[in-house]
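Down below is the structure, laid out as structure tokens.
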Amino acid sequence: MKIVVGYLPTPAGRAALRAGIAEASLRSAELVVVQGHHTKRWGRHTSPEDTQSALTEDRAALDESGVPYELVPVADDADPADIILDVTDRTHTQLLVIGTRRRTPVGKLIMAPTTQRLLLEAGCPVLCVKADYGTD
């Protein structure tokens with residue numbers, strides 16, 4: 001059984017990773033982490049230093065969890081939704097885990113395009129977690 005996590009080193013992405021690790025442990029599943037990283041596209045969310053710190057902490061959490069995992073990098077010019085959907089199809093994923101952040105009332109009307117595509121096009125159940133999941 002495979003669980004795919006859409007991961008960025010942001011609060012929402014890190015929450016998705018925590019939830020993915022928990023689900024993989026519960027289901028005795030392998031985790032496939034589709035990993036974006038700090039680029040100009042995502043730079044509004046994190047600094048390079050915060051990104052590196054988050055990546056180091058999250059890799060340690062993966063190693064400590066004992067859950068078997070695979071990292072799938074996303075190229076800077078790639079569409080993350082395309083990569084995630086391709087991985088879920090290729091691996092016959094049982095669950096896709098993604099993170100979301102709090103939005104303003106107007107922002108709720110316009111969902112992030114990647115999130116919307118994943119929710120509508122994924123061929124498996126999608127678990128969408130809030131950015132503060134697992135921080136208490």
Side-chain angles (χ1 to χ4, degrees):
M1 175 187 283
K2 304 253 185 180
I3 294 176
V4 171
V5 174
Y7 171 81
L8 281 173
T10 63
R14 298 183 79 194
L17 183 63
R18 288 190 297 273
I21 290 170
E23 288 294 324
S25 294
L26 182 68
R27 300 169 188 237
S28 299
E30 181 181 341
L31 206 56
V32 180
V33 181
V34 180
Q35 180 179 10
H37 52 85
H38 182 83
T39 65
K40 288 181 182 176
R41 180 176 184 177
W42 306 111
R44 69 181 192 272
H45 298 295
T46 57
S47 70
E49 296 80 22
D50 289 343
T51 297
Q52 191 55 49
S53 174
L55 288 170
T56 301
E57 288 174 20
D58 293 339
R59 184 70 180 263
L62 279 166
D63 291 337
E64 290 170 12
S65 73
V67 170
Y69 68 91
E70 171 189 356
L71 298 176
V72 177
V74 175
D76 291 349
D77 60 345
D79 180 351
D82 285 341
I83 303 300
I84 292 169
L85 291 169
D86 178 61
V87 169
T88 60
D89 289 342
R90 183 173 41 84
T91 62
H92 306 288
T93 299
Q94 300 301 116
L95 179 69
L96 170 61
V97 184
I98 58 175
T100 188
R101 59 190 170 96
R102 189 173 295 273
R103 299 199 175 273
T104 64
V106 172
K108 290 176 184 171
L109 294 174
I110 307 168
M111 189 179 299
T114 299
T115 302
Q116 184 174 17
R117 276 197 62 205
L118 294 173
L119 289 170
L120 295 175
E121 296 179 26
C124 62
V126 180
L127 172 61
C128 188
V129 297
K130 294 181 181 181
D132 59 357
Y133 171 83
T135 58
D136 43 66

field: Shortest non-hydrogen contact between V97 and A16, atoms and distance
entry: CG1-O, 3.4 Å
query: In terms of hydrophobic clusters joined by side-chain contacts under 4.5 Å, are V33 and M1 together?
result: no
- prompt: Quick one: CD1 on I84 to OG1 on T114, what's the gap to the nearest 0.5 Å?
  reply: 7.0 Å
- line: So NZ of K2 and CZ of R90: to nearest 0.5 Å the spacing works out to 8.5 Å
- prompt: So do T91 and E30 actually touch side chain to side chain, heavy atoms under 4.5 Å?
  reply: no
field: Heavy-atom closest pair, residues P125 and Q94
entry: CD-O, 3.3 Å
query: Looking only at heavy atoms, what is the nearest atom pair of K130 and A15, with distance?
result: O-CB, 3.3 Å
task: Taking all non-hydrogen atoms of both residues into account, name the closest pair between A29 and P68 and its distance.
output: O-CD, 4.1 Å
query: Which distance, rounded to the nearest 0.5 Å, do you find between the CG of L31 and the CD1 of I21?
result: 6.5 Å
query: Atom OG1 in T115, atom CG in L120: separation rounded to 0.5 Å?
result: 10.5 Å
message: Going by side chain to side chain contact (heavy atoms under 4.5 Å, CB included), name the residues that satisfy it together with S53, two or more places apart in sequence or in a different chain.
response: E57
- prompt: Going by heavy atoms in the side chains, are L118 and L85 under 4.5 Å from each other?
  reply: yes
task: Please examine the side chains of L95 and R27, heavy atoms only from C-beta on, and report whether any two atoms are closer than 4.5 Å.
output: yes
Value rounded to 0.5 Å, distance of CD in Q35 from CG in L8: 9.0 Å
- request: Any chance you could measure E23, atom CD, to L96, atom CG, to the nearest 0.5 Å?
  value: 12.0 Å
- prompt: Quick one: salt bridge (Lys or Arg N to Asp or Glu O under 4.0 Å) partners of D89, sequence neighbours excluded?
  reply: none
task: Could you tell me which non-hydrogen atom of G20 sits nearest to which non-hydrogen atom of V5, and how far apart they are?
output: CA-CG2, 3.8 Å
message: On a heavy-atom basis, which atom in L71 and which in P73 lie closest, and how many Å separate them?
response: O-CD, 3.7 Å
query: With side chains defined as the heavy atoms from C-beta onward, is the minimum distance between R59 and L55 less than 4.5 Å?
result: no
field: Check against side-chain contact (heavy atoms from CB on, under 4.5 Å), R117 and D79
entry: CA-CA 11 Å; R117 276 197 62 205; D79 180 351; 3.0 Å; yes
